Amino acid sequence: MMPPLVVIPARLASTRLPGKPLADIAGQPMILHVLDAALRADIGPVAVAAADPEICDIVTNAGGQAVLTDADLPSGSDRVWQAVQTLDPDGRHNTIINLQGDLPTLEPATLRAVLTTMDHAAYDIGTLVAPITMEEEKIAPSVVKVACHFGPTTEHAPALYFSRQPIPWGQGTFWHHVGIYGWRREALARFVQLPPSGLETRESLEQLRALENGMRIGCSRIAIAPFGVDTPQDLERARRLLGA
């Protein structure tokens, strides 16, 4: 069986932190920190799906693999799919991992965890969740929450809904969605052909397009959510964490 193909979408045109894939953290661009973590996870070949030639140059000069994609693609999922068609035109890889390029503190074991969900044939898409431990994390719109329920000994659960609001109501654990996805190849091919859905547009969460179109998303739980970089303040925190 072919291993998964790991693809990291990256673009310079970030609204809140322009140029963030190339932001220096501890002496190297952020995209190379993510690429290194993916390679150390050792689950399959890794490539960057870049919207900009500058990102391609940085990755290839460091010995990595990069594919230049259409800069006008609407989402990371579209960027990943376009890169997959270049990297694997014969369809040998049945599982595609979409790894966000703004997770410079990612632990390789976190990337491996998403594959455990893909072992379950019932799921079209696998992703990760971590328990929310602070009230500010719970109420922050930038932290996506998942309605899912784990039994005392279960490590996987179906995602029933995603929201920027705290869900579900009542006592119990709130789950922070970690934006790393494992896709069945055919599910990704279908997804990028679908128009944006109503709830996706309302919540600004593209995974709701999958749920609204009958796809099943499975969640694996991890102990701590990897730290993502979205703002200048996040970048400074990443620099402190990685010793810059």
Side-chain angles (χ1 to χ4, degrees), residues 1-14 18-23 28-104 106 108 110-112 114-115 117-118 124-128 178-196 200 206-207 209-210 215 217 226 228-229:
M1 181 179 294
M2 291 294 291
L5 175 59
V6 182
V7 184
I8 308 169
R11 65 189 185 105
L12 296 179
S14 168
K20 72 176 178 178
L22 304 187
Q28 69 175 358
M30 177 161 56
I31 190 65
L32 295 186
H33 286 277
V34 181
L35 177 64
D36 178 65
L39 291 169
R40 286 187 289 121
D42 194 28
I43 62 174
V46 181
V48 173
D52 309 275
E54 297 93 328
I55 298 173
C56 282
D57 291 344
I58 288 290
V59 171
T60 56
N61 289 340
Q65 185 173 20
V67 175
L68 184 63
T69 59
D70 183 348
D72 294 327
L73 289 172
S75 74
S77 299
D78 293 282
R79 200 167 308 288
V80 167
W81 178 242
Q82 188 174 94
V84 165
Q85 293 175 88
T86 298
L87 294 162
D88 184 29
D90 297 326
R92 295 176 302 137
H93 296 275
N94 293 319
T95 300
I96 311 299
I97 305 298
N98 179 343
L99 170 60
Q100 304 305 312
D102 57 4
L103 300 173
L106 180 77
T110 300
L111 191 56
R112 297 185 198 111
V114 76
L115 287 180
T117 309
M118 304 307 292
D124 303 292
I125 306 164
T127 194
L128 301 174
V178 178
I180 301 172
Y181 296 97
W183 290 89
R184 311 274 181 215
R185 188 190 183 100
E186 62 273 17
L188 180 57
R190 179 187 171 212
F191 177 85
V192 298
Q193 296 299 318
L194 294 169
E200 172 190 4
E206 69 172 7
Q207 59 269 47
R209 187 192 320 174
M215 297 186 191
I217 302 176
V229 174

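No experiment lies behind these values; they were computed from the predicted model shown. Note that the numbering runs from 1 along the sequence shown for the chain.
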Reported [atom1]-to-[atom2] distance for the pair [X] and [Y], which is rounded to 0.5 angstrom:
| X | Y | atom1 | atom2 | answer |
| --- | --- | --- | --- | --- |
| I217 | Q207 | CD1 | CD | 6.5 Å |
| T127 | I180 | OG1 | CD1 | 7.5 Å |
| M2 | N94 | CE | CG | 9.0 Å |
| D78 | D72 | CG | CG | 11.5 Å |
| E200 | L194 | CD | CG | 9.5 Å |
| Q65 | L39 | CD | CG | 10.0 Å |

Is there a side-chain contact between [X] and [Y] (heavy atoms, below 4.5 Å)?
| X | Y | result |
| --- | --- | --- |
| H93 | L87 | no |
| H33 | V229 | no |
| V80 | V192 | no |
| L99 | L106 | yes |
| W81 | W183 | no |

So, for [X] and [Y], which heavy atoms are closest and what is the spacing to 0.1 Å?
| X | Y | value |
| --- | --- | --- |
| G101 | V34 | O-CG2, 3.5 Å |
| I8 | A38 | CD1-CB, 4.3 Å |
| M118 | D124 | CE-O, 4.2 Å |
| L188 | S77 | CD1-O, 4.1 Å |
| G64 | L35 | CA-CD2, 4.1 Å |
| P4 | L115 | CG-CD2, 3.6 Å |

Can you give the donor-acceptor pairs under 3.5 Å from side chains of residues 41-58 to other protein atoms, not counting sequence neighbours?
{"from": "D52", "atom 1": "OD2", "to": "L12", "atom 2": "N", "distance (Å)": "2.8"}

* Restricting to pairs with a member in residues 182-193, which pass salt bridge (Lys or Arg N to Asp or Glu O under 4.0 Å), not counting sequence neighbours? ->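 Pairs touching residues 182-193 that pass the test: D88-R185.
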* Asked: Quick one: does R79's side chain have a donor or acceptor within less than 3.5 Å of a partner on D70's backbone?
  ->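 A pair under 3.5 Å: yes.
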* Under 3.5 Å: donor-acceptor pair, side chain of Q100, backbone of G179 ->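 Yes.
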